[in-house]
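All residue numbers refer to positions in the sequence shown, counting from 1.
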Amino acid sequence: PPPPASPLQAVPPISSPASEADGALAPAQSRELRVDQVLRDAGIAPSDASTLPRPPTAADPLASIPKKGQELLERFFAGGALLFGGIFITSGIAVAVEAVCKVLGKPLPVPVDEALVQYVEPALTPSILVLFFFSISLGLLKQLQLGSQTAGVLYREDDD
């Protein structure tokens with residue numbers, strides 16, 4: 001008796017040749033067009049041209065900014081994030097020192113306490129908001145650079 005046929009041998013190859021007269025699509029066409037053709041042949045999708053995928057028309061947002069301009073933006077956003085991050089950390093430490101001194105019963109000198117209350121404490125919340133702005137802006141710039149084919153990217157990972 002012949003050996004039993006494996007299920008893989010019974011399946012016809014995926015890339016079997018088909019003729020253009022049968023309505024088959026050329027293999028060079030995109031997957032979306034092939035799926036659309038199969039759905040139209042099955043009577044599921046309408047066959048008008050309005051259902052075909054359209055190429056994206058949006059231009060690259062960084063295409064008009066030269067590489068030096070992108071480097072300047074990156075330095076500006078990174079510098080602002082570092083500056084306002086430092087201001088926020090310093091303000092937080094100063095407020096913490098003031099609180100510890102009050103809890104321990106050893107008050108700060110009056111001019112230092114007034115400076116903290118009048119200048120440092122009111123700067124705490126705005127400094128974190130400005131830090132968020134610079135940090136988010138830098139992240140968006142780097143994301144646009146990494147997703148762009150034409151932008152002056154300062155860092156890129158190779159696809160393995």
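E114 is listed as a side-chain neighbour of V110, based on a closest heavy-atom distance under 4.5 Å. The side-chain heavy atoms of L116 and V95, taken from C-beta on, include no pair separated by under 4.5 Å. Residues V100 and L104 have side chains in contact (heavy-atom distance under 4.5 Å, counting atoms from C-beta outward). Under the 4.5 Å side-chain criterion, counting only non-hydrogen atoms from C-beta, L72 is not in contact with F76.
Aromatic ring orientation, F84 versus F134: parallel (interplanar angle below 30°, classes split at 30° and 60°).
Summarising the local packing, CD of Q118 is surrounded by more than 12 heavy atoms from other residues, nucleotides or ligands at distances under 6.0 Å.
L83 and F132 fall within a single hydrophobic cluster, where Ile, Leu, Val, Met, Phe, Trp and Tyr are joined by side-chain heavy atoms under 4.5 Å apart, directly or via other members. If you chain together hydrophobic residues whose side chains sit under 4.5 Å apart, F133 and I87 fall into the same group.
Once rounded to the nearest 0.5 Å, the distance linking CD of Q145 with CD1 of I65 reads 9.0 Å. Note: L124 CG to I128 CD1 = 8.0 Å, rounded to the nearest 0.5 Å. Within the model, atoms NZ of K68 and CG of L73 stand 14.0 Å from one another, a figure rounded to the nearest 0.5 Å. In this structure, CZ on F77 lies 8.5 Å from CG on L140, to the nearest 0.5 angstrom.
Here the closest heavy-atom approach between residue S135 and residue A81 is recorded as N-CB, 4.3 Å.
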Test side chain to side chain donor-acceptor pair (under 3.5 Å) applied to K67 and Q70, step by step: CA-CA 5 Å; K67 185 176 180 180; Q70 291 179 30; over 6 Å; no

I would like to know whether V117 and E98 meet side chain to side chain contact (heavy atoms under 4.5 Å, CB included); could you show each step before the answer? CA-CA 10 Å; V117 171; E98 178 193 22; 3.7 Å; yes

